[in-house]
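Protein chains get the first letters and strands the later ones, always in sequence-line order, with residue 1 at the start of each.
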Amino acid sequence: MEVVDLLDIRLIRDEPNKFKELLGRRNVSADKIDKILEFDEKAREIKTKLNSMRAERNSISKEVAKYKAAKNEGGVAKILKRGKELANEIKIEETKLSEIQKDIKDMLLDIPNLPYEKVPIGKDETENVEIRKWGEPRKFDFEPKAHWDLGPQRGLLDFEKASKLSGSRFTILYKDAAQMERALVSFMLDLHTSKHGYTEVMPPHLVTRQTMINTGKLPKFEEESYSTTIDDLFLIPTAEVPLSVMHTGEILKEKDLPFKYVAYTPCYRREAGSYGKDVRGMIRQHQFDKVELVMYTTPEKSYDALESLTNEAEEVLQYLELPYRVIELCTGDLGFVASRTYDIEVWLPSYNGYKEISSCSNVTDYQARRANIRYRKSDNTLDFVHTLNGSGLAVGRTLVAIFENYQKKNGKIEVPKVLRPYMGGKEEI
RNA sequence: GGAGAGAUGGCCGAGUGGUCGAAGGCGCUUGCCUGCUAAGCAAGUGUAGGAUUUUCCUACCGUGGGUUCAAAUCCCACUCUCUCCGCCA
């Protein structure tokens, strides 16, 4: 991977203030940019020097060939001496250059994506902006139960047995709950493939370190990831990882874009940074099911695509008749690779509020640069594609939302109408 | 796990130390021609960096090292793909 591909260092060079300004909005210090520029200048200096040294070496090589052809041994010996000197000098400079380039690469890997200009500026999640609301939270004529009470009481969820097997933050689903989880996966996949035109994919759940780097999950989030002690493979934290770099190193045709992929996979996360958060129930798990949407588009169309992708994810909740709202993340709350993000939050009685159930982001060319995914434009030139991803939806949280919003006084849970065909016609569980 | 073969430009494929950044073909672009389409003819056609920027220089032939004045080509390690054998859901 070339250094320039990461986060085009030429762009930083040309408009350093733009980078400092935009990255400053997401709490990246300007010093980091200055340091990169400083190293970049050093690297270019060495490169220029190397360039002329190599040019000389190449001309020497040609002369050697010429002398040898002319059987001029004296000439050969003389020029070989200079050649050897030069070879040593070149090696020294090359070592210097590769050290600096490695430093630059490490620094660039640590720089997040630029936020879109229109993203609201803010420090953290308290400054996110509500965009729209759909549906009304239900008024209960009894005290609704939280899923962590309701589930075990009904014998549908078991947290204690799960912890015997795997420790904290795991859940076992039984009977109708297990079937509903499966029904939700099928319903979501069917909706996105048949109505929204996505191509269904079943990707690997274990990926290489390089794949994690290409998607921007590493080196930043190593401690958030599960990996295998042998073979250095990583359990995917989301299907975004395999899907958004499936086309690594490829040159796509403009007329084939956009690519729309949907995949159901379990997701594996250590949740290292969230001690004490959402400890009850199955809101925050080390393993959870998710149906993920990923798009590849041209740069011109990516922000429109983000709108449609978000709408497509929202539709799942509309069909399930679950109240939700859409918020836009402010600059301080944006994920590492995202340039703009909408979160969809579903109403949960146990929280007496809205809880994230989907996160839809335009990643622009950030992953495409790392994974070198380009497309050939109509004028025959090459450019990086833009990638987008969004949950469509987090399945476990959707199940929780149904349990809590559809519960009856007697503890039974009504099955949303669209799910009934997937559950043998059951109306309640 | 064992044995063998291989990895070259958008694709196929030649190339075993010195005009090889790489033959040839396909594809693509442009022009000509054919009153459409196809075919035919001609030219062009990798990516990136740098400079004194209508030109010149440099790097890149799976990845990383090494040998050499000089590496796609020789040596070492690794990764991946294919074939056969073994094992296995």
Intra- and inter-strand pairing of RNA chain B, written as dot-bracket with Watson-Crick and G-U pairs under 3.5 Å and | for the latter, reads ((((((((.[[[..)..(.....]]]((((((.......))))))((((((...)))))).[[[[[..)....]]]]])))))))....
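- The existence of a salt bridge linking A:D383 and A:R374 is excluded, since no basic side-chain nitrogen approaches an acidic carboxylate oxygen closer than 4.0 Å.
- Backbone-only contact: A:L382 has heavy atoms under 4.0 Å from sugar-phosphate atoms and none from a base.
- Listed nucleotides: B:rC69, B:rU58, B:rG50. Nearest to the side chain of A:K68: B:rC69.
- Distance A:E254 CD to B:rC28 P: 17 Å, rounded to the nearest Å.
- Within a heavy-atom distance below 4.0 Å of RNA chain B, the residues of residues 84-98 of chain A found are A:K84, A:A87, A:K91.
- Applying the salt bridge (Lys or Arg N to Asp or Glu O under 4.0 Å) rule to pairs touching residues 246-264 of chain A yields A:K260-A:E312, sequence neighbours excluded.
- If you take CD1 of A:I46 and P of B:rA59, they are 17 Å apart, rounded to a whole angstrom.
- Look at A:N58 and you'll find a side-chain N or O under 4.0 angstrom from OP1 or OP2 of B:rA59.
- In this entry the distance linking CE of A:M53 with P of B:rC57 reads 19 Å, nearest Å.
- Listed by chain and residue number, nothing satisfies the salt bridge (Lys or Arg N to Asp or Glu O under 4.0 Å) test with A:D333 (two or more places apart in sequence, or in another chain).
- B:rG2 and B:rA59: their P atoms are spaced 39 Å apart (whole Å).
- For the C1' atoms, the distance linking B:rG21 with B:rA77 amounts to 27 Å, nearest Å.
- Each of B:rU58, B:rG10, B:rA70 was ranked by its minimum atom distance to the side chain of A:I251; first place goes to B:rG10.
- Using a 4.0 Å cut-off, some side-chain N or O of A:R13 falls inside it from OP1 or OP2 of B:rG50.
- The pair A:E271-A:R169 fails the salt-bridge criterion, with no side-chain N (NZ, NE, NH1 or NH2) lying under 4.0 Å from an Asp/Glu carboxylate O.
- OP1 or OP2 of B:rA59 sits under 4.0 Å from a side-chain N or O of A:R57.
- Taking A:E45 as the reference, nothing meets the salt bridge (Lys or Arg N to Asp or Glu O under 4.0 Å) condition, with sequence neighbours excluded.
- For A:R340, the salt bridge (Lys or Arg N to Asp or Glu O under 4.0 Å) partners at least two apart in sequence or on another chain are A:E328.
- Distance CG (A:L80) to P (B:rC69): 7 Å, rounded to an integer number of Å.
- Of the listed nucleotides (B:rG50, B:rU58, B:rG18), B:rG18 has the atom at the smallest distance from the side chain of A:V64.
- Rounded to the nearest Å, the gap between the P atom of B:rG1 and that of B:rG50 is 45 Å.
- If you find the closest nucleotide of RNA chain B to A:T48 and to A:S59, the one lying nearer the 5' end belongs to A:T48.
- Taking only side-chain atoms of A:R54, from C-beta outward, the nucleotide of B:rU58, B:rA70, B:rG50 with the closest atom is B:rU58.
- By the salt bridge (Lys or Arg N to Asp or Glu O under 4.0 Å) test, A:D289 is found to be paired with no residue, residues two or more places apart in sequence or in another chain being considered.
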Do A:F259 and A:H247 pass the ring-ring contact (aromatic ring centres under 6.0 Å, His included) test, and can you show the C-alpha distance, the side-chain angles, and the key distance before you say yes or no? CA-CA 10 Å; A:F259 288 179; A:H247 294 286; 4.9 Å; yes
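- As rounded to whole Å, 13 Å separates atom C1' of B:rC57 from atom CD of A:E56.
- The list of salt bridge (Lys or Arg N to Asp or Glu O under 4.0 Å) pairs with a residue in residues 172-190 of chain A, not counting sequence neighbours, reads A:D176-A:K426.
- Annotation: B:rA14 and B:rG25 have their P atoms spaced 15 Å apart (nearest Å).
- Applying the side-chain hydrogen bond (donor to acceptor under 3.5 Å, both in side chains) rule to A:D34 yields the partners A:K20; only residues at least two apart in sequence or on another chain are considered.
- Comparing the P positions of B:rU52 and B:rC61 gives a spacing of 28 Å, expressed to the nearest Å.
- Look at CG on A:N51: it is 12 Å from P on B:rC60, rounded to the nearest Å.
- Atom P of B:rU47 sits at a distance of 29 Å from the matching atom of B:rU37, rounded to the whole Å.
- Rounding to the nearest 0.5 Å places CD of A:Q285 at 10.0 Å from CG of A:D278.
- Per the geometry, CZ belonging to A:F384 stands 8 Å off P belonging to B:rA48, to the nearest Å.
- B:rG66 and B:rA48 have their P atoms separated by 28 Å, with the value rounded to a whole Å.
- With rounding to whole Å, A:D232 atom CG is found 12 Å from B:rC80 atom P.
- Separating the C1' atom of B:rG46 from that of B:rG13 is a span of 16 Å, rounded to the nearest Å.
- Nucleotides of RNA chain B nearest to A:I60 and A:L50 differ in position, and the one nearer the 5' end is that of A:L50.
- Residue A:A65 places its side chain closer to B:rG18 than to any other of B:rU47, B:rG18, B:rC69.
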